[in-house]
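A short write-up of the structure that comes next.
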Amino acid sequence: KTVKVRVPGTSANLGPGFDTLGIACSCYNDLELTLLREEGLEIEIHGEGAENIPRTSRNIVWRSIQKVLRRVGCADEFKGARIVMDNKVPLSRGLGSSATAIVGGIKAANEALGNPLKNRDLLKIATDIEGHPDNVAPAIFGGMTISTVRNGWPETFRFIPKIRFKMVVVVPDFFLPTKAAREVLPEKVDRADAIVNIGSTAMMIAAFIKGSRHFLRNAFDDALHQPYRAELIPGMYDVFKAARKEGALGAFLSGAGPCLMALASGNERSVAEAMQRAFKENNVESTYMILDIDK
Ligand code: HSE
């Protein structure tokens, strides 16, 4: 039996919510899975990553499928798979492509086995593979998510913001592996910096849940990761400033970057173009996408 799943790309952090906030975007990877009783792996890839994604046992979709098979005790029954991927989520740009692959694999495997696992189990398995929950949670649940992890157990609160916006995603013409973007971060943080992020994050959630856009004014401020990552993305703060000047609700680094994202309502195109111009002034070429929240 062949199952098909569709998983959204995601943007993590939303500025201050480092490793905790996430949002699902209307940009999808489609996955078809047929579990095989005999050994052997057949992987077909269309779209993003068709040249770079491994088609061997190292493939992250397959590794995620295997986690589910082992977890439910079916690893001896199904030793191989046929996988067809049709990817729209760009690779290594900060739109959660790895989370999309992981969630695609575990969701498809779970469905192929008759859904023995609940979403809570899928969240746990996906978080264990990815290392943090902020991309996998919205990839599983859609919408906007707040996630915590305690003693290895992730928990997610999912909601739909009451402020309407589109996501303007500006994609610069270079890759930035998450690992490199995490290596520039300090192990310890200042109390004053922590306070900035606690306040912004709390304010942002309150604003989105109440629908009070004026409370977003300081809600995108972040002192924990973007200041350190700025050196990896030429002109990052100029691009944020250009977006705000053009009337965006806020702008931030999408996940670990290098994509920059602004939330805008009504003026998406002019915000996108202003962001592109600011990038160009810093000698960075870019393209852009205007996405909706995936619910
Ligand atoms: N929260 C993660 C980070 C998202 O900023 O490093 C990227 O995977």
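Order of appearance sets the numbers: ligands from 1, and atoms from 1 within every ligand. Note that the structure is a prediction, hence the values are computed from the model and not measured.
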*On the 0 to 90° scale, with breaks at 30° and 60°, tag the F252-F220 ring pair as parallel, tilted or perpendicular.*
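F252 and F220: parallel rings.
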
*Would I43 end up clustered with V103 when hydrophobic side chains under 4.5 Å apart are linked, directly or stepwise?*
yes

Atoms in ligand 1 flagged as close to [X], the criterion being non-hydrogen separation under 4.0 Å:
| X | answer |
| --- | --- |
| N13 | 1 (N), 3 (C), 5 (O) |
| D134 | 1 (N), 2 (C), 4 (C) |
| F18 | 3 (C), 5 (O), 6 (O) |
| N135 | 4 (C), 7 (C), 8 (O) |
| A256 | 5 (O), 6 (O), 7 (C) |

*Side chain or backbone of D19 under 4.0 Å from ligand 1, or both, or neither, by non-hydrogen atoms?*
both

*Side-chain donor-acceptor pair present, E44, H46, cut-off under 3.5 Å*: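 The criterion, which ignores hydrogens and geometry beyond distance, is satisfied for H46 and E44.
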
*Taking atom types as modelled and ignoring hydrogens, do the side chains of T10 and N135 form a donor-acceptor contact shorter than 3.5 angstrom?*
yes

*Taking atom CZ of R120 as the centre, does the number of heavy atoms from other residues, nucleotides or ligands within less than 6.0 Å exceed 12?*
no

*Nearest protein heavy atom to atom 8 (O) of ligand 1, by residue and atom, and its distance?*
H132 CE1, 3.0 Å

*asked:* For atom 6 (O) of ligand 1, what's the nearest protein heavy-atom neighbour? Residue, atom name and distance, please.
replied: R182 NH1, 2.5 Å

*Assess R229 for proximity to ligand 1: is some non-hydrogen atom of it under 4.0 Å away?*
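Yes.
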
*Do the non-hydrogen side-chain atoms of I129 and K67 ever get within less than 4.5 Å of each other?*
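Contact flag for I129/K67 side chains = yes.
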
*asked:* Please check: side-chain N/O of Q66 versus main-chain N/O of S64, any donor-acceptor pairing under 3.5 Å?
replied: no

